[in-house]
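Accompanying notes for the structure given below.
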Amino acid sequence: MRIRIITMPRTKATYLMKAIVSASNHKQWKVNADYYNEPFNNRDDPRAALEWMKSDPNAVVKHHIRHLVADDVYNSAELFEQECKLDWMNVVILRRDLFATALSYARSRTLNEWHDYTNKSVRIEPELFTNCLLALWGSLVHIARNKHNLEYNKIIFSDDLTGNPTEDIKTILPNYNGELHVNSKQSPRNTVENLDQLRKLSKTITLPHYNDAPITINNNLLISKSYF
């Protein structure tokens, strides 16, 4: 079964992707990581990734929603159309706490730490934090609008994960009965020097309207402004 993750930055989607690969397609580790970790993110040869997806009935890939809706930037339209002709289980991975997500996104952009983290203290520029928050909100809206009319088979909030891959994999593969060991580091906490400033700033940011209503997917509540 091919599994496709639809997500946005800083949702622990890479952690879950590693768990899925370990559980269902361990040989995938032998493939260049870029083939399944955001294959439309400025890859030199995304067609090679597509050919691999076609040849592997257990392929696992991750797409940030922006790579699929901004096809004039990422050149993903034609390739994604071909990809969608394959059978996929689509898993949406999100994070309820938009403030924490934006904070993590801004920290990673400031220090260029995306997978391996240090405990270095950092001051995040308010303008960068604002841009990160608005970009993430835009991703949520695009996931809800669902430009490609994908069937979202599962929606997972990483806030609900335990951090134990053997347990967390069951949110996607409930019948899995093995034991997983995934190399994944937690993003450090309490390292943002101007945290209080950013928290106050977040309460002043006006998010663009989305139908003047909470965002829903498959008629289920996804996220509402009350979460912020």
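- In this structure His142 satisfies the ring-ring contact (aromatic ring centres under 6.0 Å, His included) test with no other residue, sequence neighbours excluded.
- The same ILVMFWY cluster, assembled from side-chain heavy atoms under 4.5 Å apart, contains both Leu68 and Trp137.
- No continuous path of hydrophobic side-chain contacts links Leu16 to Tyr117 [ILVMFWY only; heavy atoms under 4.5 Å].
- In Glu81, the CD atom is not crowded: 12 or fewer heavy atoms of neighbouring residues, nucleotides or ligands sit closer than 6.0 Å.
- A donor-acceptor contact under 3.5 angstrom links the side chains of Asn25 and Gln28, judged on distance only.
- For the salt bridge (Lys or Arg N to Asp or Glu O under 4.0 Å) with Glu83, the qualifying choice from Lys54, Arg4, Arg47 is Arg4, the only one to do so.
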* side chain to side chain donor-acceptor pair (under 3.5 Å) between Ser108 and Arg10, intermediate numbers included -> CA-CA 9 Å; Ser108 289; Arg10 319 315 294 160; 3.3 Å; yes
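- Thr171 and Lys154 are not linked by any side-chain donor-acceptor pair at a separation below 3.5 angstrom, with hydrogens and angles left out of the test.
- Using a cutoff of 4.0 Å between basic side-chain nitrogens and carboxylate oxygens, Asp71 and Lys147 are scored as salt-bridged.
- In terms of hydrophobic clustering, with Ile, Leu, Val, Met, Phe, Trp and Tyr side chains grouped at heavy-atom distances under 4.5 Å, Met17 and Leu86 are assigned to a common cluster.
- Using a 4.5 Å heavy-atom cutoff, the side chains of Lys170 and Asp168 are not in contact.
- By the 30° and 60° cut-offs, the orientation of the rings of Phe40 relative to His63 is parallel.
- Side chains of Lys200 and Thr204 form no contact here, defined as non-hydrogen atoms less than 4.5 Å apart.
- When hydrophobic clusters are built by joining Ile, Leu, Val, Met, Phe, Trp and Tyr residues whose side-chain heavy atoms come closer than 4.5 Å, directly or via intermediates, Leu98 is grouped together with Leu94.
- No side-chain donor from either of Ser24 and Asn58 sits under 3.5 Å from a side-chain acceptor of the other.
- Here the side chains of Val92 and Ile143 are in contact, with some heavy-atom distance below 4.5 Å.
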* **ring pair (Phe, Tyr, Trp, His ring centres under 6.0 Å) between Phe129 and Phe99, worked out** => CA-CA 9 Å; Phe129 174 81; Phe99 174 78; 5.6 Å; yes
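- When all heavy atoms of Met53 and Arg2 are compared, the closest pair comes out as O-NE, 2.9 Å.
- Of the charged side-chain nitrogens involved, at least one lies within less than 4.0 Å of a carboxylate oxygen, so that Arg123 and Glu125 count as a salt-bridged pair.
- In this structure, the side chains of Asn131 and Glu127 come closer than 4.5 Å at one or more pairs of heavy atoms.
- Atom CG of Asn177 has 12 or fewer neighbouring heavy atoms from other residues, nucleotides or ligands inside a 6.0 Å radius.
- The shortest distance between side-chain heavy atoms of Val192 and Leu103 falls below 4.5 Å.
- Geometrically, Arg96 engages Phe157 in a cation-pi contact, judged by NZ or CZ lying under 6.0 Å from the ring centre and within 45° of the ring axis.
- Within a 6.0 Å sphere centred on CG of Asn90, other residues, nucleotides and ligands contribute more than 12 heavy atoms.
- Side chains of Arg107 and Thr191: a donor on one and an acceptor on the other come within 3.5 Å.
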